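Report on the following structure.
Keep in mind that what you see is a predicted model, and the values were worked out from it rather than measured.
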Amino acid sequence: CFLTACALQACLSKNTYSQEKCAEHMRDLYKCCQTLYDATDGHGESTACPMPGVVRRWLKAHLAGTAWH
């Protein structure tokens, strides 16, 4: 997920840290992190990813009603 996090950081830097303009990158990062945690039964580690519970809550809040897997 490191490259995804780098793309998010570049977008935020380019857009004066406007999260709205980088929403797609944010979604991609959280999806990547969830895929990592799914593949490792929640034990995967990445400096680019928040803790598993944070990822689950964010995805639930921001992707409710959408299929993303």
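Of all non-hydrogen atoms in T4 and D28, the two that sit nearest each other are CG2-C, 3.6 Å. For the pair C33 and P50, the tightest heavy-atom approach, listed with the atom from each and the gap, is SG-CD, 4.1 Å. Between A5 and A48, the shortest heavy-atom distance links the atoms CB-CB, 3.6 Å.
K31 is listed as a side-chain neighbour of L63, based on a closest heavy-atom distance under 4.5 Å. V55 is not listed as a side-chain neighbour of M51, based on a closest heavy-atom distance of 4.5 Å or more. Two residues are said to be in side-chain contact when any heavy atoms from C-beta on lie closer than 4.5 Å; Y17 and Q9 meet this criterion. A 4.5 Å side-chain heavy-atom check between Y30 and H62 finds every atom pair outside the cut-off.
To the nearest 0.5 Å, atoms NZ (K21) and CG (L12) are separated by 11.5 Å. Here L36 contributes atom CG and Q34 contributes atom CD; the two are 9.0 Å apart, rounded to the nearest 0.5 Å.
Between C22 and C11, the two SG sulfurs come within 2.5 Å of each other, short of that mark.
In this view, E45 satisfies the side chain to side chain donor-acceptor pair (under 3.5 Å) rule with no residue, not counting sequence neighbours. S46 pairs by the side chain to side chain donor-acceptor pair (under 3.5 Å) definition with nothing, not counting sequence neighbours.
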* Given the rule in the side-chain contact (heavy atoms from CB on, under 4.5 Å) test, do R56 and Y37 qualify, once you have shown the distances and angles that lead to the verdict? -> CA-CA 10 Å; R56 280 191 304 274; Y37 293 136; over 6 Å; no

* Asked: Under the disulfide bond (SG atoms under 2.5 Å apart) criterion, do C32 and C49 qualify, and how do the steps go?
  -> CA-CA 8 Å; C32 181; C49 293; 5.7 Å; no

